[in-house]
Amino acid sequence: MKFRFCGDGDCPDWVLAEIISTLSNLTVDNVEQLAQLVAKRICGEPFEEAAIRSLTSSASNDGKTAVACVHYMLTNAARYSCTEAIFNEEIQQLGLPKDHAKAMSRVLQSNAMAIRQQLIDKAFRINELQSIRNVTSPGETPPNCATLELKISQELVDGLPKDTTHIVNIECAQLGALLDEMKLARDIMLKYESKESG
């Protein structure tokens with residue numbers, strides 16, 4: 001079957017499995033609260049891990065897969081401008097009980113515009129590099145290398161965006177080439193930006 005909230009495509013098997021095994025077994029109130037928390041997270045508010053754990057205490061993986069499933073459903077329904085009525089009908093067809101589907105649809109209705117705006121604002125900003133810091137340390141950094149700390153915003157980890165930090169060692173000889181490539185990439189992006197605004 002094709003689903004409007006999946007962009008007129010098939011629903012992924014893992015989403016279907018999660019709807020049947022986890023979301024259907026939560027109370028209606030818990031599904032609605034979980035969806036509200038995920039919608040807030042999509043819109044840039046802090047992730048309330050303790051609340052998520054409490055709501056999904058009966059699920060495995062600390063509710064991570066349930067969160068990923070709700071995240072997928074809400075972002076895609078908003079992205080493809082799926083109406084509340086169609087979303088409600090489609091997620092029932094996938095096995096979500098009627099009252100659970102109504103609760104999810106209410107959350108979509110109240111958050112769809114904000115989610116859509118966030119998707120526009122964050123387009124091409126997954127795995128966005130926030131900062132680079134030189135943390136080279138004599139004795140710890142390998143010879144002829146520099147140690148860099150990279151802070152990444154919205155890196156996808158287990159299907160969910162998280163702010164992360166990575167430490168990498170790069171040979172000093174390669175740093176110049178990397179810098180030149182980054183400048184070239186920036187110039188290309190600026191050229192496209194000026195074309196769009198012009």
Side-chain angles (χ1 to χ4, degrees), residues 1-127 152-164:
M1 282 182 77
K2 306 297 181 192
F3 295 93
R4 180 83 184 93
F5 88 95
C6 295
D8 293 319
D10 295 324
C11 178
D13 289 341
W14 71 270
V15 171
L16 179 60
E18 197 58 29
I19 286 171
I20 293 166
S21 67
T22 306
L23 297 183
S24 296
N25 294 315
L26 297 177
T27 67
V28 174
D29 285 346
N30 281 9
V31 165
E32 190 160 6
Q33 288 177 51
L34 176 65
Q36 284 287 8
L37 289 170
V38 173
K40 284 182 181 178
R41 177 65 180 104
I42 295 167
C43 293
E45 292 186 33
F47 198 55
E48 299 179 36
E49 244 178 275
I52 297 279
R53 265 200 217 101
S54 169
L55 292 170
T56 58
S57 57
S58 60
S60 57
N61 298 324
D62 293 329
K64 285 179 185 172
T65 51
V67 168
C69 178
V70 173
H71 187 280
Y72 175 89
M73 292 163 71
L74 292 176
T75 52
N76 279 290
R79 176 180 288 122
Y80 297 115
S81 300
C82 186
T83 65
E84 178 192 0
I86 291 171
F87 182 63
N88 185 1
E89 184 183 317
E90 289 185 345
I91 58 180
Q92 282 186 66
Q93 288 172 357
L94 291 169
L96 199 63
K98 186 176 180 181
D99 290 338
H100 290 62
K102 276 186 184 173
M104 285 283 293
S105 298
R106 281 194 297 271
V107 173
L108 175 67
Q109 184 184 35
S110 59
N111 293 282
M113 284 180 63
I115 292 172
R116 226 180 335 270
Q117 189 57 52
Q118 190 71 7
L119 292 173
I120 291 165
D121 293 345
K122 287 287 184 183
F124 305 115
R125 290 192 187 165
I126 288 177
N127 297 341
I152 310 287
S153 172
Q154 304 294 300
E155 180 176 3
L156 289 179
V157 178
D158 296 328
L160 294 172
K162 283 179 92 169
D163 293 339
T164 59

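The chain is numbered in sequence order, starting from 1.
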Between Gln92 and Glu89, does the side-chain contact (heavy atoms from CB on, under 4.5 Å) criterion hold? Intermediate values first, please. CA-CA 5 Å; Gln92 282 186 66; Glu89 184 183 317; 5.7 Å; no

Would you sort out whether Thr56 and Thr22 count as a side-chain contact (heavy atoms from CB on, under 4.5 Å), showing the intermediate values? CA-CA 8 Å; Thr56 58; Thr22 306; 5.6 Å; no

Please assess Cys6 against Tyr72 for the test side-chain contact (heavy atoms from CB on, under 4.5 Å), listing each intermediate value before the final yes or no. CA-CA 9 Å; Cys6 295; Tyr72 175 89; 3.8 Å; yes

Would you please test Met73 and Phe87 for side-chain contact (heavy atoms from CB on, under 4.5 Å) and show each step? CA-CA 9 Å; Met73 292 163 71; Phe87 182 63; 4.2 Å; yes

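Under the 4.0 Å criterion applied to side-chain N and carboxylate O atoms, Arg4 and Glu90 are not assigned as salt-bridge partners.
The two residues Cys69 and Glu18 have their closest heavy-atom pair at CB-CG, 3.6 Å. Ile19 approaches Gly95 most closely through the heavy-atom pair CG2-C, 4.1 Å. The minimum heavy-atom distance linking Leu37 with Leu55 is given by the pair CD1-CD1, 3.6 Å. Counting all heavy atoms, side chain and backbone alike, Ile86 lies closest to Cys82 at CG2-SG, 3.7 Å. Looking at every heavy atom in both residues, Val31 comes nearest to Met104 through CG1-CG, 3.8 Å. For Ala39 against Ile115, the heavy-atom pair with the smallest separation is CB-CD1, 4.4 Å.
The closest side-chain donor-acceptor pair between Glu84 and Asn88, if any, does not fall under 3.5 angstrom.
Partner of Phe5 under the side-chain contact (heavy atoms from CB on, under 4.5 Å) criterion, chosen from Leu74, Leu94, Thr83: Leu94.
Side-chain contact between Val107 and Asn111 is present, with heavy atoms from C-beta onward closer than 4.5 Å.
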